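Note that these values count all heavy atoms, side chains included, but never hydrogens, waters or copies made by symmetry. All figures in this text were calculated on a predicted structure; none of them were measured in a lab.
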Amino acid sequence: MLLTGMDGYAQLITMLVIFVVVLAIAAVVTKYIARYQKSQGSGSNVEVLETAQIAMGKYILLVRLGETYAAIAVCKDTVTMLCQIPEEQIVKKDMAQGKKFRELLNGALRREQIPQHKEDALWKPEGEQTDGFDQEQQ
């Protein structure tokens with residue numbers, strides 16, 4: 001049985017409202033779980049300061065264990081301590097110094113368009129050095 005007319009529109013609007021409500025509930029629950037997990041991890045004596053991937057599935061981690069800093073290698077089946085690092089050698093990056101995502105997004109949206117020159121398909125911005133091969137031969 002096909003619904004036409006007002007019944008069809010009412011069902012469509014009802015489904016859209018239910019969809020939006022489910023999305024809102026999912027967003028709230030996700031934020032709650034993230035806040036809960038963050039509070040569980042804070043104040044502990046174990047902290048991963050930095051991670052670097054050296055190969056597929058192989059990482060080097062810089063970790064703080066209480067007052068001790070160590071470099072560990074993490075592979076698929078093993079974890080190996082590489083060395084202890086004195087606290088004076090640790091370079092601590094302040095996360096507040098980095099740009100926030102909103103600032104990066106606004107910068108990308110405000111990026112200027114490169115002017116299109118009809119007569120020169122290989123137009124270079126002013127001041128850019130060329131090797132001469134991209135200019136027309138006379």
Side-chain angles (χ1 to χ4, degrees):
M1 174 175 152
L2 290 173
L3 294 177
T4 58
M6 294 305 282
D7 288 340
Y9 289 123
Q11 276 193 338
L12 177 65
I13 291 172
T14 304
M15 291 303 290
L16 287 174
V17 168
I18 291 172
F19 179 70
V20 169
V21 168
V22 168
L23 284 178
I25 291 171
V28 169
V29 169
T30 302
K31 287 189 179 230
Y32 172 76
I33 290 173
R35 198 174 306 137
Y36 175 76
Q37 287 180 339
K38 186 176 181 180
S39 69
Q40 291 292 332
S42 66
S44 68
N45 289 312
V46 178
E47 180 182 9
V48 177
L49 300 174
E50 205 168 321
T51 303
Q53 183 175 7
I54 56 174
M56 184 65 81
K58 298 179 182 183
Y59 301 90
I60 294 179
L61 278 66
L62 178 61
V63 296
R64 180 185 58 81
L65 306 167
E67 297 289 322
T68 306
Y69 293 89
I72 59 172
V74 178
C75 299
K76 182 179 178 184
D77 297 328
T78 61
V79 176
T80 307
M81 183 171 152
L82 300 174
C83 65
Q84 287 188 355
I85 302 171
E87 186 173 358
E88 302 82 39
Q89 292 182 355
I90 302 294
V91 177
K92 296 181 182 176
K93 284 197 294 187
D94 186 15
M95 293 303 287
Q97 289 178 350
K99 288 187 176 181
K100 293 184 179 179
F101 178 73
R102 183 177 301 274
E103 293 172 7
L104 292 173
L105 183 62
N106 288 338
L109 292 176
R110 279 190 241 131
R111 193 172 15 166
E112 294 180 5
Q113 296 285 333
I114 297 175
Q116 299 296 321
H117 295 282
K118 295 177 185 174
E119 69 276 0
D120 187 8
L122 297 174
W123 177 79
K124 302 250 186 272
E126 190 174 320
E128 186 173 328
Q129 299 294 321
T130 63
D131 56 7
F133 288 111
D134 55 351
Q135 296 177 357
E136 292 183 25
Q137 298 295 325
Q138 307 205 357

Please confirm whether the backbone N or O of Gln37 pairs with a side-chain atom of Arg35, one donor and one acceptor, at under 3.5 Å? no

Supply the atom-to-atom distance [X] [atom1] to [Y] [atom2], rounded to the nearest 0.5 angstrom.
X	Y	atom1	atom2	answer
Arg64	Ile85	CZ	CD1	14.0 Å
Leu62	Glu47	CG	CD	9.5 Å
Asn45	Thr68	CG	OG1	10.0 Å
Gln11	Ile18	CD	CD1	10.0 Å
Glu67	Glu87	CD	CD	6.5 Å

Could you tell me if the side chain of Val63 sits less than 4.5 Å from the side chain of Leu49, heavy atoms only?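 No. Closest side-chain heavy atoms not under 4.5 Å.
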
[X], [Y]: one ILVMFWY side-chain cluster at the under-4.5 Å cut-off?
X	Y	value
Val22	Phe19	no
Val74	Leu82	no
Val21	Val29	yes
Val79	Leu65	yes
Val48	Val46	yes

For Gln84 against Pro86, the heavy-atom pair lying closest together: O-CD, 4.1 Å

Looking only at heavy atoms, which two atoms of Tyr59 and Ile54 are closest? And how far apart? N-CG1, 4.3 Å

Determine whether more than 12 heavy atoms belonging to other residues, nucleotides or ligands lie under 6.0 Å from atom CD of Gln53. yes

